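What you see is a predicted model, and the numbers here were worked out from it, not measured in a lab.
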Amino acid sequence: MSEILGVDGLTVRLPNGAAVVDGVSFALRRGETFALLGESGCGKSVTALSLMRLLPDGVRVAGGAVRLGDSDVLTLPEREMCAVRGGRLAMIFQEPGLSLNPVLTVGRQIAEVLELHGGDQASVQAETVEAGGCSRARLDQSGEVGIEVEQRCIELLTQVGIPDAPRRIHEYPFQLSGGMKQRVMIAMALAGAPGVLIADEPTTALDVTIQAQVLQLLRDTQAESGMAMLLITHDLGVVAEMAHQVAVMYAGQIVERASRQQLFTQPLHPYTRKLFAALPDARRGAAPLEAIPGNVPTPDAMPPGCRFAPRCDRAWALCHERAPEWREVDGQGVRCHLYAPEGAGREQGEAAGAAEPGFYPAPDSRSHTLLEVSNLQVHFPIRRGVLQRQVGVVRAVDGVSLEIGAGRTLALVGESGCGKTTAGKAMLQLIAPTAGSVRFGGQELIGLSAQALRAQRAGMQMVFQDPYASLNPRMRVAEILDEGMAALGVGGDSAARQGLMDALMEQVGLSAAAKWRYPHEFSGGQRQRIAIARALAVNPQLLICDEPTSALDVSVQAQILNLLRALQQELELSYLFITHNLAVVEYLAHEVCVMYLGRIVERGATAEVLGAPRHPYTQALLSAVPRVDGGSGQVIRLAGEMPSPAHPPQGCHFHPRCPQAMTICRETYPGETALGGTQRVHCHLYAESVGRAGD
């Protein structure tokens, strides 16, 4: 296939002259996906922003070329670049919460892309104005868009799996969940029919069913239009499913490049091997994950010699003295002294200083109940008209019951928008429940006074999904950590608290000196680690973790999961783990609850539910999980979209999408049926079978 984008020797420098991207080269071909792997902070996103010419002030491209067809993107006048950006070259940004305009509706933001790059301008009837040298689309004064544009916006939102798209185009970003905002970003990127799509963590905030749908949409778009894609991700399962070529990046340099099959069957660089070893796997049992020690070096403090040497258990003297050259080994490119003539005689299996993995003792399954939730409901009123009369309710959480024992982990999984995060916030009383009971340590939380509730919250903390929105941008990390500790009297005086902060920063994989920096100076994954440190700072008994590893690469994820398991054993911590990463659930959780449209449809021990799912929805979730070994089976495609919680279907909420729906499913909601072991399910399929067995 012909080359559509070529990057040659790209070097990007910070204002102090340090190179954050150092001599990166690769090529994208039509209809192919090139994946860029690496830890947070290694320069992947800066590489992507360089291609789009969207670098922050002071950060500059110091060398290299970026060829898009016959043009060098880096030398185009800004007026011409505006026509390229969003059209021939589009990008899905890593953090949709910061990329979407908070004062424009979703429909207006997608319409702007269509009016700039949507093809038939006569039918769209777009006006343009000159703004800073760029031709920018302008909507009419009423803020409305044409019928054709509106219909196309609805089609794009439907394609990326947003339910009730005709209503959603009139909503603002703050009214959408994190996963929905990510899908809006994907729709905006595809609206201009780009020749090259740069996808920076495009599936981070998506559950597995929507992820499968979006990935299939990207594959179909590639097949129809020949679009090339640069995929930046930490999800090796997505890479195994999507990529044709893969490059592994570390500390601003590409250290290995190969085809997907070569990389996954025979990784060469020690860093690549450690990334694979850090993946969570239930087969590891109680053994900790193989986390990579230390951190990616900062651009202004690069070590001499090989940049990975300080963290590599196979390094020797030469690695600390001289930088390795790029070499071709059996069709794979690698930057490592092991494959140089002077490294050929070294023992390939040695691991100097490598520690034997420890084991976490199994928790007592008979531990006392710490959190007990019964029939929890959270209904939001729908108001319309001048007088804002209530005309309905959104049943975000509609009768959730669960228990979490001391020292136990309960995972809550389900599609984006099913009510998982709302349920977690309601348990913590950050959202007032409509009905139900929440008992923490035997104390009823619903109805408590503000002062009494404050005392209880010392034992319950939450790690939020979006670290960008949950960290105060005007406070240094030390101030963020100190705020909660001082308010709850944790850690003694200021000097003692500083020592505790240093230990916390090291525990979550950051240097103690980083506590004097502001949140905007960290990458997304590093910010998530700060959010976890803040939650742990007040010594809670229960952590409600809302997608705590979604923004983390696999090596940092391994550090965090090891930390959470170690703290659980040491402090008898309990976790409510809200996530869409079923590999993490399989490794970390003791029990799992599967949630759909505000209700739990299946629950039980993790091994039972994930090993033999019984509810058709759970089966669809598990079938959509991409696997690193490439052995994914047939994905169960669910019909239609998740219904709106404002208008849940009569009977079983899942029946409009269920391939096994029966007449009774449309009439009555199924009761709970106990299966073998701890597994329980709300499904007429099993209620009927139980009834027949008893006849």
Q: For residues V609 and L622, report the shortest heavy-atom separation together with the two atoms involved.
A: O-CD1, 4.1 Å
Q. Does atom CD of E483 have more than 12 heavy-atom neighbours, drawn from other residues, nucleotides or ligands, at distances under 6.0 Å?
A. no
Q) Does a donor on one side chain and an acceptor on the other come within less than 3.5 Å for T421 and D546? A) yes
Q: Compare every heavy atom of I110 with every heavy atom of A191, then report the nearest pair and how far apart it is.
A: CB-CG2, 4.4 Å
(Q) Testing the basics here: between P433 and A426, what is the closest heavy-atom pair and its distance to 0.1 Å? (A) CG-O, 3.9 Å
Q | Distance-minimising heavy-atom pair for E171 and L176 | A | OE1-CD2, 3.5 Å
(Q) Keeping R527 on the side-chain end and F522 on the backbone end, is there a donor-acceptor pair under 3.5 Å? (A) yes
Q. Centre of F654's six-membered ring, under 6.0 Å away, within 45 degrees of the axis: is that where NZ or CZ of R599 sits?
A. no
(Q) Checking Q568 against T409: is there a side-chain donor and acceptor pair closer than 3.5 Å? (A) yes
Q: Would you please indicate if the ring centroids of H615 and Y596 are separated by under 6.0 Å?
A: no
Q. Side chain of Q109, backbone of L104: donor and acceptor closer than 3.5 Å?
A. yes
Q | Side-chain donor/acceptor of S374 to backbone N/O of S401, under 3.5 Å | A | no
Q) Between H580 and E547, do the side chains contain an N or O donor and an N or O acceptor separated by less than 3.5 Å? A) yes
Q. With no hydrogens and no angle check, do the side chains of H647 and D164 hold a donor and an acceptor under 3.5 Å apart?
A. no
Q: Mark yes or no for whether H684, through its side chain, and T668, through its backbone, hold a donor-acceptor pair below 3.5 Å.
A: yes
Q.
Could you check whether atom CD of Q451 has more than 12 heavy atoms from other residues, nucleotides or ligands sitting under 6.0 Å from it?
A. no
Q.
Surrounding CD of E667 (heavy atoms of other residues, nucleotides or ligands, distance under 6.0 Å), is the total greater than 12?
A. yes
Q.
If the threshold is 4.0 Å, N to carboxylate O, is there a salt bridge linking R108 and E112?
A. no
Q) Side chain of Q390, backbone of P381: donor and acceptor closer than 3.5 Å? A) no
Q) Is a donor on one side and an acceptor on the other found under 3.5 Å between the side chain of H117 and the backbone of L114? A) no
Q: Could you check E148 against R152 for salt bridge (Lys or Arg N to Asp or Glu O under 4.0 Å), going step by step and ending with a plain yes or no?
A: CA-CA 6 Å; E148 294 182 20; R152 180 57 180 154; over 6 Å; no
(Q) Looking only at the side chains, is there a donor atom on one of T678 and E608 sitting less than 3.5 Å from an acceptor on the other? (A) yes
Q) In terms of side-chain geometry, is the basic nitrogen of R614 or E602 positioned less than 4.0 Å from the acidic oxygen of its partner? A) no
Q) Does Q388 use its side chain to pair, donor to acceptor, with the backbone of G385 at less than 3.5 Å? A) yes
Q | Ionic contact status for R657 with E415, cut-off 4.0 Å | A | yes
Q.
Let's go through L218 and L190 carefully: what are the C-alpha distance in whole Å and the side-chain angles of both, what is the deciding distance for side-chain contact (heavy atoms from CB on, under 4.5 Å) to 0.1 Å, and is it a yes or a no?
A. CA-CA 9 Å; L218 294 175; L190 294 178; 4.1 Å; yes
Q) Any side-chain donor paired with an acceptor under 3.5 Å for E444 and S437? A) yes
Q. Has the side chain of K420 got a donor or acceptor atom that lies under 3.5 Å from a matching backbone atom of G414?
A. yes
Q) Do R603 and E672 meet the salt-bridge criterion of a basic N to acidic O distance under 4.0 Å? A) yes
